[in-house]
Asks: 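If you scroll down you'll find the structure; I have some questions about it.
The model shown is predicted, which means the values in this text are computed figures rather than measured ones.
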Number of protein chains: 2
Amino acid sequence: MAYRSTERVKARLSASRQRIIAAALEIMAAHGYAGCSVAAVAERAGLATGSVYRHFPTKADLFAEVFRTASQREVDAVARAAALETGVAERVSAVVETFSGRALQSPRLAYALLAEPVDPAVDAERLVFRRAYAELIAGYVAEGVASGELPPQDPDLSATALVGALAEAMVGPLAAGVAGRDTIPGLIAFIHRALGVSP
Amino acid sequence: MAYRSTERVKARLSASRQRIIAAALEIMAAHGYAGCSVAAVAERAGLATGSVYRHFPTKADLFAEVFRTASQREVDAVARAAALETGVAERVSAVVETFSGRALQSPRLAYALLAEPVDPAVDAERLVFRRAYAELIAGYVAEGVASGELPPQDPDLSATALVGALAEAMVGPLAAGVAGRDTIPGLIAFIHRALGVSP
DNA sequence: GCAAGGATTGAACCACCGTTCAATCCTTGG
DNA sequence: CCAAGGATTGAACGGTGGTTCAATCCTTGC
């Protein structure tokens, strides 16, 4: 046994894996999921098509991880922005602004993550994405209900509906590439009313 | 020229076309879009695969029409239910109840119409579907704003967000096959608050 | 430098499914 | 009953793109 995987090799493998994910993300941001053939991802990552399969058993597995990574990044950014605020109203405003601001910054990626047709296996990951948002928001809503800032309500249902409203309202602007001047403020007002933020 | 298409033939052709659409709908309701190969649709409609192409140039065209038909039926049902009511609050309640009631009645079909991964060309038809709901609802909202029943707001934005909230809140229950006892009332309360229905 | 064995390559493979088309069947007017 | 020509059939085609694998390259420990 003259060959035993060493640290250096492990590091290189790990780097390859990361490069694959990064390449997939870049292609998604440029050409959407539709442009993400395994061959294209491999080429951009600087390795052969077959090598991708050393790291991921199937394309769906690869993109499940890509979606997970990208989603986590988005949710984290939103959570970070919301954490800077105090009070439900302000936090929710931060959520909407951060979410829509980032989406409009990379509309192709946002579309891919939110709505583009993908493999069912990858689609499942999308549910996780939306669920993560919903859970984040449900926490704020629950706090608001507890503090009396909001009227009694099911925080999870409200959060889920809120995520749906947010996503749906962004689909049009994402397709157009820009949002109207009043879209974001209008959406915030809608959502504040929906949660029962007192005026 | 001994052969000239006669009424009887035209009727038979038209009947075939209808059978194809009906077969596609039935398969969608049973196995989702994923189960809808052209061969399967043809078999259920009682004709050969190739004959489908006498009626529709491509599969995408066929399913665009299938989606259009099914969507129209749904929107009509919702509009009919809403028309029986007076006042925005009641109409919106009817919308939510009818929409979710029908969706839960045929969850597989509802999932296909709302969220299942499909060809981009068919996906476009889905946008039309959601747009139709939004426009219906925007009309009620505009009336409500005009009559003073609702506070000032962009009816189209509110309606779009409302449709998103409704669809998102239904995805979970659709996957589960049933909605919790409080889901529909909770959703109606959320939406009433969002529109600014006075309590 | 060498043998062992994992990593890498990329062209070939293959499954799936939408689509086509030559053969056949049916309908029509005479 | 016949000929013309559209309708129907369903097996075969073909394009796409995910997946595989025999050949080759590298890395490791001695």
Asks: May I have the step-by-step check of ring-ring contact (aromatic ring centres under 6.0 Å, His included) for Tyr133(A) and Phe99(A), ending in yes or no?
Replies: CA-CA 10 Å; Tyr133(A) 273 121; Phe99(A) 177 90; 5.4 Å; yes
Asks: Nearest to the side chain of Val9(B), heavy atoms from C-beta on, is which of dT19(D), dT8(C), dT28(C)?
Replies: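 The closest nucleotide is dT28(C).
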Asks: Take the protein atom CG of Asp119(A) and the nucleotide atom C1' of dG17(D), then report the distance between them rounded to whole Å.
Replies: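 From Asp119(A) CG to dG17(D) C1': 11 Å.
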Asks: Can you measure Phe56(A) atom CZ to dT20(D) atom P for me and round it to whole angstrom units?
Replies: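 Rounding to the nearest Å, CZ of Phe56(A) and P of dT20(D) are 15 Å apart.
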Asks: Under 3.5 Å, is there a donor on one side chain and an acceptor on the other for Ser158(B) and Gln153(B)?
Replies: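 On atom types as modelled, these side chains qualify, holding a pair under 3.5 Å.
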Asks: How long is the line joining NZ of Lys59(B) and P of dT19(C), in whole Å?
Replies: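 Going from NZ in Lys59(B) over to P in dT19(C) covers 8 Å.
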Asks: Rounded to the Å, how far apart are Tyr53(B) OH and dG14(D) P?
Replies: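 For the pair Tyr53(B) OH and dG14(D) P, the rounded distance is 16 Å.
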Asks: Taking NE2 from His55(B) and P from dG6(D), how many angstroms apart are they, rounded to a whole number?
Replies: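 In whole Å, dG6(D) P and His55(B) NE2 are 16 Å from each other.
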Asks: If I take atom CG in residue Leu47(B) and atom P in nucleotide dT9(D), what distance separates them, rounded to the nearest angstrom?
Replies: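 So the CG-P distance, Leu47(B) to dT9(D), works out to 6 Å.
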Asks: Under 4.0 Å between a side-chain N/O of Arg12(B) and OP1 or OP2 of dT8(D), yes or no?
Replies: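 Answer is yes, contact under 4.0 Å.
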Asks: Quick one: Glu43(B) CD to dT8(D) P, roughly how many Å, whole number?
Replies: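 In whole Å, dT8(D) P and Glu43(B) CD are 18 Å from each other.
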Asks: Tell me whether the side-chain N/O atoms of Arg54(A) come closer than 4.0 Å to OP1 or OP2 in dT9(C).
Replies: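 So the side chain of Arg54(A) is outside the cut-off, no N or O lying under 4.0 Å from OP1 or OP2 of dT9(C).
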Asks: Any salt bridge between Glu125(B) and Arg68(B), counting N to O under 4.0 Å?
Replies: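 Salt bridge between Glu125(B) and Arg68(B), a charged N being under 4.0 Å from a carboxylate O: yes.
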Asks: Ala48(B) or Cys36(A): which one's nearest nucleotide on DNA chain D is closer to the 5' end?
Replies: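 Nearest-nucleotide comparison on DNA chain D picks Ala48(B).
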Asks: Ignoring backbone atoms, establish whether Thr49(A) has a side-chain N or O less than 4.0 Å from OP1 or OP2 of dG10(C).
Replies: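 For Thr49(A), the contact criterion (side-chain N or O under 4.0 Å from OP1 or OP2 of dG10(C)) is not met.
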Asks: Nearest whole angstrom, please: distance from the P of dC26(C) to the CG of Leu13(B).
Replies: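 Distance, rounded to whole Å: 15 Å.
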Asks: May I ask you to decide whether Arg126(B) forms a salt bridge with Asp123(B), counting only side-chain N to carboxylate O separations under 4.0 Å?
Replies: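 Salt bridge between Arg126(B) and Asp123(B), a charged N being under 4.0 Å from a carboxylate O: yes.
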